[in-house]
Visitor: 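Below you will find the structure I want to go over with you.
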Amino acid sequence: HGKSDNQNCAVIYTRGEVLQMIDCNQEAYFEASLFLPLALQEFSSVRNGRRPGILGFREHIFSDIGLLGRLAADSEYSFGTIIQRTMDWPLQARLHYGHPDMMDKLQVLQQGGVSKATKGLNLSEDVFAGLDLTLRGGWTTYKEYFHVGKGRDMGFMSVLSFFSKVSMGNGEQVITRQWLRLGLTLPLPKFLGIFYTHCGFFLNQCLVNWAIKAFAFMMAIYTVLAPMDLGIGDAAAGLAGSYFGFFYFLFMIVTVLPLLWQVFIEQGVCASLNTILSAMLALSPVFSAFQSKLMGYYFWSTMHYGGAQYIATGRGLATSREGFARLFRYFAATHMHDGMELVLYLFISSTTNYGWAIHAALVFTVIAWLFAPFVFNPRQFEKPSQACQDLRQWLNWMWSTEGGEDDAWLAYSLRLQEVRRNASHAVERLPSGRLLALIVTTGIMVVCGAFYDLLIVERVTLLMPPLAHFLFCVLLSICEGLFGDPDCSVCSYPLLSLTAVALTLLELGMNSWWEATARMVLFHKYICLRYMLEVADGVAARESGGPCLSWLHTACRRWALSWRFLRDLLLGWVLAVICILAAMIPGLSGVHDIFLFRARLNKGRYTRPLREAEGQASRTDSSDSDRSNDSDSDEDLSESGDALVATGSNGFGEASDPLLVFVRRFARGSRQTWKERVPSARKLARGLGPRSRSR
């Protein structure tokens, strides 16, 4: 199974009693190698009759090129120093996280090797060496005097792909026997230290993002209840504004505290303050909010549906531009759909003053979830024609009927729906947020006195979800089963989406409306529709009942995808138009390049080789994406390195080495000076010719 089996099979060819785990994207330093005798001497220390099984060290990240490269390097820097130091003592919770750790060969052989190799389940294969060592009574230690160099991802997609893989790996760890035995055997303080620094950290990301949506829902529902004079709006506004916004911003600040403290320890107060300022100017909180949502989504979806797989990061160029269709396809389900729902909740609650803190927190979250992919995408706002081309490609993807997820919206949506077939029964027993929201709105409409004056039939019609379009899809599926079964292509979904809107408006027009209850009824209908979409996806994916209920499965799939097509069409149009308008702003492209690279991307002779290198890197990425678990997540930087050598620059017209930058600028200045002075020298020589000497 790729790297894990390769490592375990290579153990038999090693000599000595100590192994060092190191990858191709790492380098060693001569001055650090002088400390190897001291590092090996660490295995002479004994605790509880055993020497350490794993000895960890820090890493020097040398790939801090560009904004995203610096963000990734800062994250790795804080994790490899102050975080692991704290995990080592006093938490005693440090495990094995890959390179450049040294291992006691005799101990790891007794536990089956340096890593586990079950495909999918052991996606994060390195950490299981530390889990097994802890279960067998071993211990790890961490020292900072020895280090190796390491190259990390530098592009937006590659950085987030790495965090996606780590999140899915932690989601698979939760269901392993190692974590079950840790929970049953470890003392409570040590277990809490291990849990909250591993799986608990990712669970915390889920809780924070769920809390954001829950507070936005609370604001919306209290706002729609305001015309009904229930006397709870002011209390709710005070509750929401008193602490949520403050704690949310505190959570965002805490995420950068380890980096600030480590810089303060090593470089002083001024460098720490400079780090804070640089992080704010680099929009690090926006990237952190986007990354938190990504990790929470993949962690919970892996626990819920399984299907964790290796993601090839590709190590592409940091200057590679991603198209709008690819960004939408990658982040619509993880961020943009929830961001769109937050916009709806904010719009509903805009008439009530809940305080500036909670509104600022929610607006910041919406900006991060919806626009972070475009803000951190190189050359996103280069020219309007390119943005229009992105819109055309996205529309072709939306209307396409053939191909896979990269070519057609239908295949992409069916994949999101079919993944529910593998849902965990234990997680399914937990009430979803949609169900809880439906219970709240239904209970309010049943208990509220504003609905007591209505007839029973009117109250039932107001409580019922919008069913007209669903009944139409059921009738259509039955007719196709009786009179033929034509293929259902994506071309029918625009028409079905229009039909859904028309039938739903007609159904709502048949209800009785009053000014005091109209907003609550519309909000309840929306919550019903959202929960029905979740149920319809589950019915269509599981196909319960077999072929006898195939008409129901088809109807649920068609009904759900018709609404989702309308949602994605509206969301994509709004985001694409905003990108086009931003690209039309004069000078924004240069400001964006300076923001990402601290330099203006040169035009002219560097453009063509740079784009050729990007095309080569993208082709390499597409070939790497077909690999499952047959390569390591930390492959060498050969693709991006070859591309940089081919261009002779670091992407913005200058050599990546500071010394080469100085030499090139000096040569350019000397050449210019020579061109200016040569004509003057020739004139002087002509004036000093024979005629002048004869005089």
Side-chain angles (χ1 to χ4, degrees), residues 71-72 75 79 83 123-124 127 156-157 159-175 179 195-218 244 247-256 258 284-309 311 327 329-343 345 361-362 364-373 376 416 419-420 422-424 426-428 430-437 530 534:
L71 292 177
S75 175
F79 176 76
I83 294 179
L123 182 62
S124 300
V127 73
F156 183 72
M157 294 296 295
V159 170
L160 293 179
S161 297
F162 171 76
F163 285 110
S164 302
K165 183 180 77 75
V166 173
S167 304
M168 289 190 291
N170 278 269
E172 292 287 353
Q173 289 178 39
V174 174
I175 61 175
W179 275 102
F195 175 75
Y196 282 107
T197 52
H198 295 85
C199 299
F201 170 78
F202 294 89
L203 181 60
N204 185 49
Q205 311 301 316
C206 298
L207 296 177
V208 170
N209 292 288
W210 292 342
I212 294 172
K213 295 179 62 178
F215 269 89
F217 170 79
M218 182 198 70
F244 173 74
F247 278 106
Y248 180 73
F249 285 113
L250 181 62
F251 169 78
M252 299 305 301
I253 294 174
V254 167
T255 56
V256 298
S284 178
V286 175
F287 185 80
S288 299
F290 192 86
Q291 175 185 310
S292 172
K293 182 69 169 66
L294 184 84
M295 292 191 297
Y297 174 85
Y298 278 108
F299 176 77
W300 185 254
S301 63
T302 303
M303 286 186 57
H304 195 175
Y305 306 115
Q309 58 183 354
I311 298 178
L327 293 176
R329 186 173 65 252
Y330 270 76
F331 302 116
T334 58
H335 298 80
M336 296 179 181
H337 293 162
D338 289 340
M340 183 181 181
E341 194 166 14
L342 285 184
V343 171
Y345 290 154
L362 292 178
F364 169 79
T365 304
V366 168
I367 294 174
W369 290 0
L370 289 181
F371 299 105
F376 294 102
L416 293 179
V419 74
R420 298 174 180 268
N422 304 320
S424 169
V427 179
E428 286 290 314
L430 301 175
S432 64
R434 306 289 182 192
L435 178 59
L436 295 176
R530 292 293 295 141
E534 186 176 314

Visitor: Taking all heavy atoms of Ser164 and all of Tyr298, pick out the closest pair and write down the distance.
Guide: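 Heavy atoms of Ser164 and Tyr298 come nearest at OG-CE1, 3.4 Å.
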Visitor: Measure the NE2-CG distance between His337 and Leu342 for me, rounded to the nearest 0.5 Å.
Guide: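 Going from NE2 on His337 over to CG on Leu342, the span is 13.0 Å.
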Visitor: Holding to side chain to side chain contact (heavy atoms under 4.5 Å, CB included), I want the full list of residues that pass it with Val343, two or more places apart in sequence or in another chain.
Guide: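 Only Val366, Leu370 meet the side chain to side chain contact (heavy atoms under 4.5 Å, CB included) criterion with Val343.
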Visitor: Taking ring-ring contact (aromatic ring centres under 6.0 Å, His included) as the test, write out the residues that go with Phe217, two or more places apart.
Guide: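 Partners of Phe217 under the ring-ring contact (aromatic ring centres under 6.0 Å, His included) test: Phe523.
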Visitor: With sequence neighbours excluded, what pairs up with Val174 under the side chain to side chain contact (heavy atoms under 4.5 Å, CB included) test?
Guide: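 Only Cys199, Phe299, Met303 meet the side chain to side chain contact (heavy atoms under 4.5 Å, CB included) criterion with Val174.
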Visitor: What's the shortest heavy-atom distance between Glu172 and Ile175, and which atoms?
Guide: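 Nearest pair, atom of Glu172 first, then Ile175: O-CG1, 3.1 Å.
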Visitor: Let me confirm one number: the CE-OG distance from Met168 to Ser124, rounded to the nearest 0.5 Å.
Guide: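 Reported value, rounded in 0.5 Å steps: 9.0 Å.
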Visitor: Using the side chain to side chain contact (heavy atoms under 4.5 Å, CB included) criterion, which residues pair with Phe331? Sequence neighbours excluded.
Guide: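 Partners of Phe331 by the side chain to side chain contact (heavy atoms under 4.5 Å, CB included) criterion, ordered by chain and then number, come out as Phe156, Met157, Leu160, Phe290, Leu294, Leu327, Thr334, His335, Met336, Pro373.
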Visitor: Under the side-chain hydrogen bond (donor to acceptor under 3.5 Å, both in side chains) test, which residues partner Arg434, sequence neighbours left out?
Guide: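 Arg434: side-chain hydrogen bond (donor to acceptor under 3.5 Å, both in side chains) contacts with Glu341.
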Visitor: The criterion is side-chain hydrogen bond (donor to acceptor under 3.5 Å, both in side chains); which residues satisfy it with Ser432, sequence neighbours excluded?
Guide: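 For Ser432 the side-chain hydrogen bond (donor to acceptor under 3.5 Å, both in side chains) partners, ignoring immediate neighbours, are Glu534.
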Visitor: Just jot down the side chain to side chain contact (heavy atoms under 4.5 Å, CB included) partners of Val286, sequence neighbours excluded, or say none.
Guide: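 Val286 satisfies side chain to side chain contact (heavy atoms under 4.5 Å, CB included) with Leu283, Phe364, Ala368, Ala372, Phe376 once adjacent residues are dropped.
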Visitor: Please output the side-chain donor-acceptor pairs of residues 204-216 that fall under 3.5 Å, not counting sequence neighbours, one pair per line with the distance.
Guide:
residue : atom : partner : partner atom : Å
Gln205  : OE1  : Ser292  : OG           : 2.6
Gln205  : NE2  : Phe201  : O            : 3.3
Asn209  : ND2  : Gln205  : O            : 2.5
Lys213  : NZ   : Asp338  : OD1          : 3.1

Visitor: Does Phe79 have any ring-ring contact (aromatic ring centres under 6.0 Å, His included) partners at least two apart in sequence or in another chain, and if so, which?
Guide: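 Scan of Phe79 (ring-ring contact (aromatic ring centres under 6.0 Å, His included), adjacent residues dropped) gives Tyr97.
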Visitor: Using a 3.5 Å distance criterion without hydrogens, assess whether the side chain of Ser75 forms a donor-acceptor pair with backbone atoms of Leu71.
Guide: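 It does not hold such a pair.
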Visitor: Which residues pass the side-chain hydrogen bond (donor to acceptor under 3.5 Å, both in side chains) test with Thr365, not counting sequence neighbours?
Guide: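 Here the qualifying residues are Tyr248.
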Visitor: By side-chain hydrogen bond (donor to acceptor under 3.5 Å, both in side chains), which residues pair with Trp300, not counting sequence neighbours?
Guide: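 Not a single residue meets the side-chain hydrogen bond (donor to acceptor under 3.5 Å, both in side chains) criterion with Trp300.
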